[in-house]
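Down below is the structure, laid out as structure tokens.
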Amino acid sequence: MVKRQQIVSRCHHQLCVALDLKTGRVNYSTPQGKPLMQESRCTFERRQGDKDAGKYKISQTWQIAKDENIYGLGQLRDTLMVQRNRHADIWNGNTYISIPYITSERGWGLYWDNAGRSYYEDNAQGTTFTSEVGLCSDYYFIYRDGTQDGVIASIRDLTGQATMFPLWTMGYWQCRERYKTSDELATVLDKYRQLEIPLDGIVQDWQYWGCDSNWNAMRFMNPYYINKVGDPAWDKYLPGDMRKMKPQQPRIKSSDEMVKYVHKNHAHLMISIWPNFGPWTQPYAELKAANALLPFDTWPRNNGVLVYDVFNPKARDIYWKHLANLYKMGFDAWWTDSSEPDHFEKPGDDDFLTFDGTWRSVKNAFPIVHNRGIYEHQRAMKDNEKRSVQMTRSGAFGIQHYGTFSWSGDILASWQEMKKQIPSGLNYSLCGIPFWNTDLGGFFYWEYEQSPKNPAIQELQTRWMEWGAFMPLMRNHCSSPMVSELYLFGQEGDWAYDAIKKFIQLRYRLLPYIYSNAGACVQHSNTMMRALVMDYASDSNAIARNDEYMFGRNLLVKPVTDPMYTYKDQQKRGHLIFPDVKKAAAPVDVYLPAGNDWYDFWTGSRHTGGTTIQRLCPIDIIPVFVKAGTILPWGPAVQYSSEKPWNDLEIRIYPGADGTFTLYEDEGDNYNYEKGAFTEIPFSWNESTHELTIGTRRGHYRGMLKNRQFRVVVIGQQGEHTVRYNGNSVKVQL
């Protein structure tokens with residue numbers, strides 16, 4: 001009699017998987033026998049009495065080492081960096097992007113593949129994902145080489161590579177709720193250009209379509225944008241808050257003229273679009289006829305507005321058919337707001353049937369299906385000359401493949417909120433999605449007297465804008481009645497104005513570094529906003545930090561998240577602690593990870609890793625440190641991203657270790673990079689010989705710089721070395 005084998009084991013050169021034939025449990029380990037994760041329990045409870053009857057409530061538990069740090073779960077809007085010993089609902093809402101994915105300091109990831117109402121629980125019994133409805137326990141265990149970069153590269157292989165955003169999106173965007181006329185928007189752009197504040201993007205927020213009954217018509221029907229103020233035929237479209245405005249003869253008389261004006265002044269336009277429609281709109285009528293509207297309560301309430309059934313392919317076609325009106329006008333980017341979507345839940349709503357099943361079973365897939373539909377339709381346009389760009393309020397595993405990045409939603413303007421945003425963005429990025437940002441300064445200013453002259457707001461805004469210079473995308477925003485254009489915070493010589501302008505200018509000097517890192521995300525599965533576990537997994541003091549991160553592989557950033565120079569009274573008014581804020585300099589503790597030395601970005605002073613230092617932070621400084629061995633390209637001073645070519649870049653060398661950097665360039669705003677139309681110039685620094693090698697240029701694109709020069713500066717040495725470069729390898733002794 002042959003005894004049946006109970007354990008079946010298979011080993012790849014990187015991973016071993018063992019299946020217990022008796023229990024059905026799977027264990028994962030390294031080829032050296034080191035345990036990674038083990039299944040322990042799986043339960044199925046058949047559903048009854050609702051529209052998912054016959055399916056199951058499913059729960060799967062795994063065993064993870066007690067001392068192992070776990071990350072991920074998306075953007076949960078709290079201060080936790082490590083996701084152990086907690087509960088989380090996997091059900092998206094405004095400011096809360098929950099993703100059923102966790103990843104370990106030991107370099108593995110696990111994706112629970114269920115788009116329905118789900119939960120995460122980590123406690124003494126194990127780590128568990130539970131979903132209210134499903135047919136089976138469906139998950140992916142992801143492992144490559146024991147590093148977070150390996151895990152994220154595998155995520156991109158599984159869900160799709162990130163797409164490249166245009167160069168202009170890496171510059172500064174001005175945005176607020178809301179510009180009410182074309183003239184108002186154009187005047188803001190004029191003022192930025194007049195004051196020489198760099199700017200690449202400006203945003204048209206909601207109600208350009210008119211009143212709430214005409215919500216998201218995807219046409220400019222607000223009389224103020226189309227020179228119809230006072231025309232009785234158009235008066236019904238006026239939003240309520242604009243009916244008492246004093247009409248003036250418009251400078252810009254149509255929405256088409258507004259788009260052309262913005263482009264003429266070397267800027268780009270993003271426009272707000274929603275997944276719901278008012279009953280006066282043509283999309284509403286067509287979607288209703290196709291039985292593709294979801295009958296639940298959404299925003300704005302009490303106006304008959306309904307969300308479209310994004311899961312219905314015909315509905316996605318109708319959506320793009322009308323969005324094409326704006327595409328043909330020349331808008332450069334879509335602000336896909338409310339992509340959870342907004343939903344004021346009532347008992348029974350989970351049983352609403354979409355094209356793909358009950359709301360309970362599919363809701364968390366809404367943002368990726370919605371944004372994918374826009375992306376794929378734009379890509380299919382015959383005259384498509386520019387990259388599809390979508391900024392969306394929600395997110396999902398794999399959304400990076402569809403020209404989409406998330407912002408963190410309608411958050412509060414407060415110091416505590418700012419603290420929450422750092423680990424939220426880092427954990428979101430660890431889910432394999434490399435582009436993310438917040439409303440700089442926050443959105444709702446309820447905790448303050450809402451004036452840009454309020455010193456307490458000025459300090460918060462300044463620190464958040466300083467942090468924004470080191471986000472994947474840098475975009476200012478606020479809710480009415482607050483206004484947030486830089487020149488409203490003061491004028492030249494005022495501390496808030498000067499500090500914010502300094503960091504916008506810094507953003508543009510860093511563009512070659514930032515765009516190259518974006519290129520590395522697309523070409524090499526890299527990550528821009530890197531939790532310290534990605535680069536310092538062996539440093540136990542670093543990997544749990546929720547207040548520092550690497551921006552690219554070279555810059556350590558520690559946002560200032562506490563007020564130092566102002567305070568707020570009980571009437572929400574702000575006051576100065578120091579009469580002259582420019583002369584104040586309070587300290588901030590900064591941990592420098594072990595394993596390399598660090599240079600202070602501002603002074604060039606060198607520090608040993610594995611130590612905590614106090615960094616004085618006057619109002620125009622936040623702690624930024626450069627890793628020894630860094631090669632940092634420094635761009636020209638410009639007013640917009642494409643104003644000057646990169647034919648005379650400064651290359652800063654931070655000695656102390658060997659280092660590499662790859663300068664990425666392409667045509668800036670089309671998809672030719674997918675056909676290989678881009679270049680990469682490799683730089684390498686040899687610490688022992690003090691030799692910089694600028695390697696042979698790889699690739700080609702139309703209009704590329706065939707000949708250029710680099711001005712090489714070694715931090716700590718005097719002078720610079722000019723290097724002529726024609727694409728062939730050259731070595732420089734320094």
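What's counted below: heavy atoms across the whole structure, side chains too, no hydrogens, waters or symmetry copies. Given the structure is predicted, the values throughout are model-derived calculations rather than measurements.
Partners of Leu167 under the side-chain contact (heavy atoms from CB on, under 4.5 Å) rule, at least two apart in sequence or in another chain, are Tyr515, Ser641, Trp646. In this structure Cys11 satisfies the disulfide (SG to SG under 2.5 Å) test together with Cys16, sequence neighbours excluded. Applying the side-chain contact (heavy atoms from CB on, under 4.5 Å) rule to Lys22 yields the partners Gln6, Asp20; only residues at least two apart in sequence or on another chain are considered. Shown here are the salt bridge (Lys or Arg N to Asp or Glu O under 4.0 Å) partners of Arg47, two or more places apart in sequence or in another chain: Asp50, Glu132. With sequence neighbours excluded, the residues that form a salt bridge (Lys or Arg N to Asp or Glu O under 4.0 Å) with Asp52 are Lys55, Arg360. Under the side-chain contact (heavy atoms from CB on, under 4.5 Å) criterion, Asn546 pairs with Thr79, Met81, Pro423, not counting sequence neighbours. Considering only residues two or more places apart in sequence or on other chains, Glu674 meets the salt bridge (Lys or Arg N to Asp or Glu O under 4.0 Å) condition with Arg379. Residues that satisfy the salt bridge (Lys or Arg N to Asp or Glu O under 4.0 Å) test with Arg372, not counting sequence neighbours, are absent from this structure.
Here the SG atom belonging to Cys431 is positioned 7.0 Å from the CG atom belonging to Leu73, to the nearest 0.5 angstrom. Here the straight-line distance linking atom SG of Cys136 with atom CZ of Phe44 works out to 7.0 Å at 0.5 Å rounding. Taking CD1 from Ile99 and OG from Ser118, the interatomic distance works out to 13.0 Å, rounded to the nearest 0.5 Å. For the atom pair OH (Tyr664) and OG1 (Thr679), the distance works out to 8.0 Å, reported to the nearest 0.5 Å. Note that CE of Met37 and CZ of Arg106 are 11.0 Å apart. Values are rounded to the nearest 0.5 Å.
Contact of the Lys731 side chain with the Leu692 side chain is not registered, since no non-hydrogen atoms from C-beta on lie closer than 4.5 Å. The shortest side-chain heavy-atom distance between Trp112 and Tyr101 does not fall under the 4.5 Å cut-off. You'll find the side chain of Trp598 stays beyond 4.5 Å of the side chain of Val626, heavy atoms only. Residues Gln83 and Asn427 have side chains in contact (heavy-atom distance under 4.5 Å, counting atoms from C-beta outward). Contact annotation: the side chain of Ser406 approaches that of Ile97 to within less than 4.5 Å [non-hydrogen atoms, C-beta and beyond]. Leu632 is listed as a side-chain neighbour of Tyr654, based on a closest heavy-atom distance under 4.5 Å. Proximity of Ile64 to Gln38: side-chain heavy atoms (C-beta onward) are nowhere separated by under 4.5 Å. Contact of the Ile102 side chain with the Tyr111 side chain is not registered, since no non-hydrogen atoms from C-beta on lie closer than 4.5 Å.
When ring centroids are compared, Tyr120 and His87 stay outside the 6.0 Å threshold. Two rings, from Phe165 and Phe405, have their centers less than 6.0 Å apart.
Within the structure, no pair that satisfies the salt bridge (Lys or Arg N to Asp or Glu O under 4.0 Å) test touches residues 8-17, not counting sequence neighbours. Counting only residues at least two apart or in different chains, salt bridge (Lys or Arg N to Asp or Glu O under 4.0 Å) contacts with residues 658-672 comprise Arg387-Asp666, Glu665-Arg708, Glu667-Arg702. Pairs of residues two or more places apart, or lying in two chains, that qualify as salt bridge (Lys or Arg N to Asp or Glu O under 4.0 Å) and include a residue from residues 688-700 are Glu680-Arg698. Each salt bridge (Lys or Arg N to Asp or Glu O under 4.0 Å) pair with one or both residues in residues 138-154, not counting sequence neighbours, appears once here: Arg144-Asp157, Asp149-Arg530, Asp149-Arg553.
With hydrogens and angles ignored, the 3.5 Å screen pairs no side-chain donor or acceptor of Lys420 with any backbone N or O of Leu76. No donor-acceptor distance shorter than 3.5 angstrom exists from the side chain of Ser516 to the backbone of Tyr513, with no hydrogens or angles considered. The backbone N or O of Ala520 lies less than 3.5 Å from no partner atom in the side chain of His524, so there is not a single donor-acceptor pair. For Thr438 (side chain) and Ser408 (main-chain N/O), no donor-acceptor pair under 3.5 Å exists by modelled atom type. A distance-only check finds a donor-acceptor pair linking the side chain of Gln390 to the backbone of Asn371 [under 3.5 Å]. A donor-acceptor contact shorter than 3.5 Å links the side chain of Gln400 to the backbone of Gly160. No donor-acceptor pair closer than 3.5 Å links the side chain of Ser388 to the backbone N or O of Gln378. Put simply, the side chain of Tyr56 never gets that close to the backbone of Thr43: no donor and acceptor are under 3.5 Å apart. In this structure a side-chain-to-backbone donor-acceptor pair under 3.5 Å is present from Trp407 to Gly409. The backbone N or O of Pro341 lies less than 3.5 Å from no partner atom in the side chain of Lys363, so there is not a single donor-acceptor pair.
Side chain to side chain, Tyr96 and Asp78 fail the donor-acceptor criterion of an N or O pair below 3.5 Å. A donor-acceptor pair shorter than 3.5 Å cannot be found between the side chains of Trp62 and Gln60. The closest side-chain donor-acceptor pair between Asp356 and Thr354, if any, does not fall under 3.5 angstrom. Side-chain contact annotation: Thr358 with Ser361, donor-acceptor N/O pair under 3.5 Å present.
Electrostatic pairing of Lys627 and Asp535 does not count as a salt bridge here, judged by no charged N lying under 4.0 Å from a carboxylate O. Salt-bridge formation is detected for the pair Lys558/Asp547: a Lys NZ or Arg NE/NH1/NH2 atom is positioned less than 4.0 Å from an Asp or Glu carboxylate oxygen.
Each of Thr128, Thr130, Ile90 was checked for a side chain to side chain contact (heavy atoms under 4.5 Å, CB included) with Tyr119, and the lone residue meeting it is Thr130.
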Pair Thr127-Asp122, side-chain hydrogen bond (donor to acceptor under 3.5 Å, both in side chains): steps then yes or no: CA-CA 4 Å; Thr127 302; Asp122 182 79; 2.5 Å; yes
Evaluation steps, salt bridge (charged side-chain N to carboxylate O under 4.0 Å, His left out), between Asp89 and Arg77: CA-CA 12 Å; Asp89 291 339; Arg77 197 185 179 187; over 6 Å; no
Verdict with reasoning, Ser339 to Thr392, per side-chain hydrogen bond (donor to acceptor under 3.5 Å, both in side chains): CA-CA 6 Å; Ser339 57; Thr392 198; 2.6 Å; yes
Stepwise ring pair (Phe, Tyr, Trp, His ring centres under 6.0 Å) check, Tyr701 with Phe678: CA-CA 5 Å; Tyr701 65 89; Phe678 63 89; 8.9 Å; no
Evaluation steps, ring pair (Phe, Tyr, Trp, His ring centres under 6.0 Å), between Phe141 and Trp108: CA-CA 7 Å; Phe141 185 81; Trp108 56 259; 5.8 Å; yes
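Minimum heavy-atom separation, Gln148 to Gly107: NE2-CA, 4.3 Å. Closest approach of Ala657 to Trp685, counting heavy atoms only: O-CD1, 3.1 Å. Scanning both residues, Val533 and Ala537, for their nearest heavy atoms gives O-CB, 3.5 Å.
Ring orientation note: the planes of Tyr673 and Tyr671 are tilted relative to one another, at an angle of 30° to 60°.
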